[in-house]
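Since the structure comes first, as structure tokens, the remarks are kept for the end.
Every heavy atom of this structure was used, including side-chain atoms; hydrogens, water molecules and symmetry mates were not.
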Amino acid sequence: MESIFHEKQEGSLCAQHCLNNLLQGEYFSPVELSSIAHQLDEEERMRMAEGGVTSEDYRTFLQPSGNMDDSGFFSIQVISNALKVWGLELILFNSPEYQRLRIDPINERSFICNYKEHRFTVRKLGKQWFNLNSLLTGPELISDTYLALFLAQLQQEGYSIFVVKGDLPDCEADQLLQMIRVQQMQRPKLIGEELAQLKEQRVQKTDLERVLEANDGSGMLDEDEEDLQRALALSRQEIDMEDEEADLRRAIQLSMQGTSRNISQDIPQTSGTHLTSEELRKRREAYFEKQQQQQQQDPPGPLTHPCEKPTTSSEALSSELGDAMSEEDMLQAAVTMSLETVRNNFKTEGKK
């Protein structure tokens, strides 16, 4: 497809594009076509003058040329005269003379399609047909079976179709496509469609850049939002664990208070649950003084068994206090282990 010469539309120079795409090269320029148009105007003026220079038809003819204008428009007559230089002739495709020939379109070499002020070429290169419309972004491949339908559709849309008769100049694309066949995966777009698509892409890109500038980087915002969500989740977990820890402390404290009341029925308690060392010392001294007074008042009791070790009052008190403290120490140890388990579970959840 790269070897096919294809001029794209510039202004109103469709006649120039039509001729050059047909001949497969830059054979005509606006200057050369203007010269042909002026020559046609002069020939037509001379024929009109034969009827008299004062006639209404002649005065009408002296209006601006119908073969060209300043925009680059050239009439189909200019194209026909330009092709005569190459020995080529245009025949109307749906004329009675041509229809009597009953020629299959695929057996022709090229067509020129004309509608109002637009002209384009359909040409066979090698063994395949191509639509070389200058309004397309590139050549469009046309299958043999679709060619007749394509021409009939153009006629229904109002196009005048001309068959190009004669030998076209040799070109590289024709020689190359005689040896290979090309495939086209995607139909070329109209130039207007491509420009509109490019404009839309530029607008979308500009809008995206504007949003990125306003947000100062959407990726950073997403990361910050994720960090915030993780922090909130950890905070909620921490609050829940603190509530559970407080409930556990209260339950253990109530249990300790109940145990202390059962153990210390014979021992006066202070307002606190835990005894300080000073309170224990004072209680021991008061207990010893009370025992000494009882020994002085009571006679000595029976001897104990030689093998048995007498139990003193201090040992009894120490045993009772030791039992009470042992149970308190056990409860305190249970509290510590429970709290440590809660903290370890919370750290594990935080790492996840």
Side-chain angles (χ1 to χ4, degrees), residues 6-24 27-28 30 32-34 36-41 43-44 47 60-61 63-69 71-125 129-136 139-168 188 190-192:
H6 179 253
E7 278 189 356
K8 297 182 180 63
Q9 188 71 26
E10 293 183 5
S12 299
L13 296 174
C14 56
Q16 171 192 319
H17 306 320
C18 175
L19 287 167
N20 290 338
N21 289 339
L22 172 66
L23 301 174
Q24 285 293 286
Y27 290 94
F28 290 98
E32 294 169 336
L33 294 179
S34 297
I36 295 174
H38 286 304
Q39 183 179 357
L40 282 173
D41 289 340
E43 292 176 357
E44 292 175 0
R47 286 196 299 269
T60 303
F61 174 77
Q63 298 299 321
S65 172
N67 291 308
M68 61 170 293
D69 61 22
S71 67
F73 162 78
F74 297 98
S75 66
I76 190 67
Q77 288 78 15
V78 174
I79 295 176
S80 178
N81 278 26
L83 290 177
K84 289 178 180 179
V85 177
W86 293 91
L88 300 173
E89 181 184 2
L90 294 183
I91 299 177
L92 192 61
F93 177 70
N94 59 350
S95 65
E97 294 80 8
Y98 183 79
Q99 292 298 320
R100 282 196 295 267
L101 299 176
R102 299 183 181 274
I103 301 176
D104 191 334
I106 62 173
N107 295 325
E108 299 291 354
R109 294 296 301 172
S110 58
F111 300 92
I112 288 181
C113 306
N114 173 62
Y115 180 68
K116 294 184 177 179
E117 296 183 357
H118 184 64
R119 297 108 175 108
F120 67 90
T121 294
V122 177
R123 173 173 173 171
K124 191 173 186 179
L125 293 169
W129 285 90
F130 295 90
N131 177 9
L132 303 179
N133 194 337
S134 58
L135 293 178
L136 295 175
E140 179 186 15
L141 180 63
I142 301 176
S143 65
D144 291 348
T145 55
Y146 181 65
L147 177 63
L149 180 62
F150 178 70
L151 296 176
Q153 181 180 354
L154 291 177
Q155 285 182 311
Q156 290 181 354
E157 293 176 359
Y159 276 85
S160 299
I161 301 176
F162 298 89
V163 182
V164 180
K165 288 294 187 177
D167 295 331
L168 294 168
L190 290 172
I191 293 178

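Expressed to the nearest 0.5 Å, how far CG of Asn107 lies from CG of Leu101 amounts to 12.0 Å. Remark: Leu135 CG to Gln9 CD distance equals 5.0 Å, nearest 0.5 Å. Here the NE2-CD distance, from His38 to Glu43, works out to 13.5 Å after rounding to the nearest 0.5 Å. Here Leu23 contributes atom CG and Leu88 contributes atom CG; the two are 6.5 Å apart, rounded to the nearest 0.5 Å. Rounded to the nearest 0.5 Å, atoms CD (Gln77) and CE (Met68) are 14.0 Å apart. Between the CZ atom of Arg102 and the CD atom of Gln99 there is a distance of 8.5 Å, given to the nearest 0.5 Å.
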Next item on the list: Let me see the working for Ile142 and Phe130 under side chain to side chain contact (heavy atoms under 4.5 Å, CB included), right down to the final yes or no.
Entry: CA-CA 5 Å; Ile142 301 176; Phe130 295 90; over 6 Å; no
Next item on the list: Test Trp129 against Arg109 for side chain to side chain contact (heavy atoms under 4.5 Å, CB included), laying out the working first.
Entry: CA-CA 9 Å; Trp129 285 90; Arg109 294 296 301 172; 5.6 Å; no
Next item on the list: Determine, stepwise, if the pair Gln16 / Leu33 fulfils side chain to side chain contact (heavy atoms under 4.5 Å, CB included).
Entry: CA-CA 8 Å; Gln16 171 192 319; Leu33 294 179; 3.8 Å; yes
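Taking both residues in full, the closest heavy atoms of Lys8 and Ile191 are given as CB-CD1, 4.0 Å, listed atom of the first, atom of the second, then distance. Scanning all heavy atoms of the two residues, the minimum distance from Leu19 to Ile79 falls at CD2-CG2, 3.6 Å. Annotation for Cys113 and Leu154: closest pair SG-CD1, 3.6 Å, computed over non-hydrogen atoms. Looking at every heavy atom in both residues, Ala37 comes nearest to Phe74 through CB-CD2, 4.4 Å. Of all heavy-atom pairs spanning His17 and Glu10, the tightest one is NE2-N, 3.1 Å. When all heavy atoms are compared, the tightest approach of Asn94 to Gln155 is CB-NE2, 3.4 Å.
Between Gln24 and Leu125, the closest side-chain pair of non-hydrogen atoms falls below 4.5 Å. With a 4.5 Å cut-off on side-chain heavy atoms, Leu151 and Phe111 count as touching. Contact annotation: the side chain of Val163 never approaches that of Ile112 to less than 4.5 Å [non-hydrogen atoms, C-beta and beyond]. Val164 has its side chain out of reach of Glu89: every pair of non-hydrogen atoms, C-beta onward, lies at least 4.5 Å apart. For the pair Cys14/His118, a side-chain contact is recorded, criterion being any heavy-atom separation below 4.5 Å from C-beta on.
Between the side chain of Ser34 and the backbone N or O of Pro30 there is at least one donor-acceptor pair closer than 3.5 Å. Using modelled atom types, one side-chain atom of Arg123 and one backbone atom of Leu22 make a donor-acceptor pair closer than 3.5 Å. No donor-acceptor pair closer than 3.5 Å links the side chain of Glu108 to the backbone N or O of Pro105. The backbone N or O of Arg119 sits nowhere less than 3.5 Å from a side-chain atom of Asn114 that would complete a donor-acceptor pair. The backbone N or O of Cys18 lies less than 3.5 Å from a partner atom in the side chain of Thr121, making a donor-acceptor pair. Of the possible donor and acceptor atoms, one in the side chain of Asn20 sits under 3.5 Å from a partner among the backbone N and O of Tyr27.
Dense packing is recorded around CG of Asp104, with more than 12 heavy atoms of other residues, nucleotides or ligands lying under 6.0 Å away.
Just one residue in the list Phe120, Phe150, Phe93 forms a ring-ring contact (aromatic ring centres under 6.0 Å, His included) with Tyr159, and that residue is Phe120.
For Ser71, the side chain to side chain contact (heavy atoms under 4.5 Å, CB included) partners at least two apart in sequence or on another chain are Ser12, Asp69, Phe73. Remark: Lys84 pairs with no residue by the salt bridge (charged side-chain N to carboxylate O under 4.0 Å, His left out) rule, at least two apart or across chains. Take Asn67 and apply the side chain to side chain donor-acceptor pair (under 3.5 Å) test, not counting sequence neighbours, and it matches Asp41, Ser75.
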